[in-house]
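Written below as structure tokens is the structure these notes are about.
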Amino acid sequence: LVFFLDYHYIKKTETSVSFMNDPRSSFFGILITCSSIIITLWILFVVVHQYRALHYYQLGIADSNRGSVDTGLDTINRAVTIADNDIFQRQLSQIALVKIQTLINKNQSTNSTALAEQIKTWGSNAVSHTERALAYNPYNTLNWINQGDIYRFMAKLGIAGTYDKSLYAYHRAQKTSPHDVNIDVYLAQLELAIGNTAEAKKILQASIDKQPTRDAYVTHYQIALSERNMENADIMLVQALQLDPKNPDLYYEYGLFSYAQANYQRAAQSFNQVITLDATYTQAYYYLAVALEKSGNTADAQQVITWLRN
């Protein structure tokens, strides 16, 4: 009986500590809960903003691809106001170059004072976007390459000081990605932009000796074409195909090259390979039919034409 009474007394006088009864526990518990809610809402806010920005960016790209460059520019700028990043800034810099090229194509001359002023304005716009991309992430190789490309375009127009700035940007890209041999191709293209073909070929050959790449061979091919060295052009394009045998664009180029050399049978084989790799490559069907007819294979050419009509 004494044991029972003692036990009953202890149970009744036992101290009870709970979340609601202890002020300190209550305060910190509420603080943690509120903090969790705020963090969750902030993350949700950021995600929604990023999604909206990406949506407008994709719309802007689609508009630009359809030829509505101004609309695309406005839409991507809207994405930037929602949530900026270096991808958006790089795209805006490239659209600025499209604007410059469009102005040049319309005027057919860069000597006009008004045209020169417009080129200067859009050029400054393009550079500004590359600088914003680099401010966002100076360690992204693509941002340095993009700036190099912008200045290379301007160097080709003969704008003073842009060659050195392009060279500097490409060298910075090499520092951030020292094993990316494709940057050698950009350096070669920079030399081509100012008419230094000999230096471009040296850079490309050194790059190929170090590590052969498709783009190095394709650039070599383009140089050989410009020099009317068809034998070397053939060799370079074949080398590119060996490195990238699943590329329909390369086979299409080889088909056009072969057709221009009156090698119609090889052209037909190349265009046929294009269709094998990409059945939606409409232009290849037309050239396949023409190459087949030129090579004396009229029946197969007619089949391709009939298929196209249907």
Side-chain angles (χ1 to χ4, degrees), residues 64-65 67 94 97-98 101 104-105 145-146 148-149 152-153 156 180-193 195-297 300-301 303-305 307-308:
S64 298
N65 290 340
Q94 291 297 325
L97 288 197
V98 172
Q101 190 61 63
I104 293 172
N105 292 341
I145 290 174
N146 182 62
D149 290 346
R152 170 165 56 88
F153 181 89
K156 191 172 183 178
D180 187 353
V181 292
N182 283 317
I183 299 173
D184 293 335
V185 177
Y186 299 125
L187 289 167
Q189 290 172 343
L190 175 59
E191 297 302 328
L192 289 174
N196 195 350
T197 305
E199 183 62 23
K201 288 196 285 189
K202 282 170 59 178
I203 293 171
L204 288 171
Q205 193 56 55
S207 181
I208 289 169
D209 292 341
K210 182 169 49 179
Q211 182 183 331
T213 63
R214 178 201 64 193
D215 290 346
Y217 280 121
V218 168
T219 307
H220 239 317
Y221 159 76
Q222 292 167 340
I223 292 172
L225 275 184
S226 68
E227 296 177 333
R228 306 298 299 168
N229 188 342
M230 298 308 169
E231 183 179 354
N232 196 38
D234 195 330
I235 293 170
M236 293 301 166
L237 196 51
V238 168
Q239 292 288 343
L241 279 166
Q242 289 177 351
L243 289 175
D244 192 3
K246 301 294 184 181
N247 190 323
D249 292 330
L250 282 180
Y251 276 105
Y252 184 74
E253 181 64 29
Y254 196 48
L256 293 176
F257 174 78
S258 300
Y259 186 88
Q261 302 307 303
N263 192 334
Y264 302 120
Q265 185 175 359
R266 192 176 68 183
Q269 291 171 349
S270 298
F271 292 128
N272 189 61
Q273 187 62 24
V274 174
I275 295 165
T276 301
L277 293 169
D278 182 1
T280 65
Y281 215 120
T282 310
Q283 308 97 304
Y285 288 96
Y286 169 76
Y287 281 108
L288 173 60
V290 175
L292 286 169
E293 186 175 7
K294 288 279 189 179
S295 61
N297 199 339
D300 286 346
Q303 283 185 346
V304 175
I305 293 170
W307 184 89
L308 279 172

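Between Leu292 atom CG and Gln303 atom CD the span is 9.5 Å, to the nearest 0.5 Å. Considering CD1 of Ile275 and OG1 of Thr282, their distance stands at 9.5 Å, rounded to 0.5 Å. Atom CE of Met230 sits about 12.0 Å away from atom CG of Leu237, to the nearest 0.5 Å.
Annotation: side chain of Glu293 is not in contact with side chain of Tyr264 (no heavy-atom distance under 4.5 Å). Under the 4.5 Å side-chain criterion, counting only non-hydrogen atoms from C-beta, Leu204 is in contact with Ile223. For the pair Gln222/Met236, no side-chain contact is recorded, criterion being any heavy-atom separation below 4.5 Å from C-beta on. His220 has its side chain within reach of Ile208: a pair of non-hydrogen atoms, C-beta onward, lies under 4.5 Å apart. Taking 4.5 Å as the limit, some side-chain heavy atom of Phe153 sits within range of a side-chain heavy atom of Gln101. Looking at Leu256 and Phe271, their side chains come closer than 4.5 Å, going by heavy atoms from C-beta outward. Looking at Ile235 and Tyr217, their side chains never come closer than 4.5 Å, going by heavy atoms from C-beta outward.
Of the options Asn182, Thr213, Asp184, a side-chain hydrogen bond (donor to acceptor under 3.5 Å, both in side chains) to Ser207 is made by Asp184 and by none of the others.
Looking only at atom types and distance, the side chain of Asn146 has a donor-acceptor partner in the side chain of Gln94 under 3.5 Å away.
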Tell me which donor-acceptor pairs under 3.5 Å the side chains of residues 240-249 have, and how far apart each pair is, sequence neighbours excluded?
unit_1 : atom_1 : unit_2 : atom_2 : d
Asp244 : OD2    : Arg214 : NH1    : 2.9
Asp244 : OD2    : Asn247 : ND2    : 2.9
Asn247 : OD1    : Asp249 : N      : 2.9
Asn247 : OD1    : Leu250 : N      : 3.3
Asp249 : OD1    : Tyr281 : OH     : 2.7

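Heavy atoms of other residues, nucleotides or ligands lying less than 6.0 angstrom from CD of Gln261 number more than 12.
Relative orientation of the Tyr287 and Tyr259 rings is perpendicular, given thresholds of 30° and 60° on the angle between their planes.
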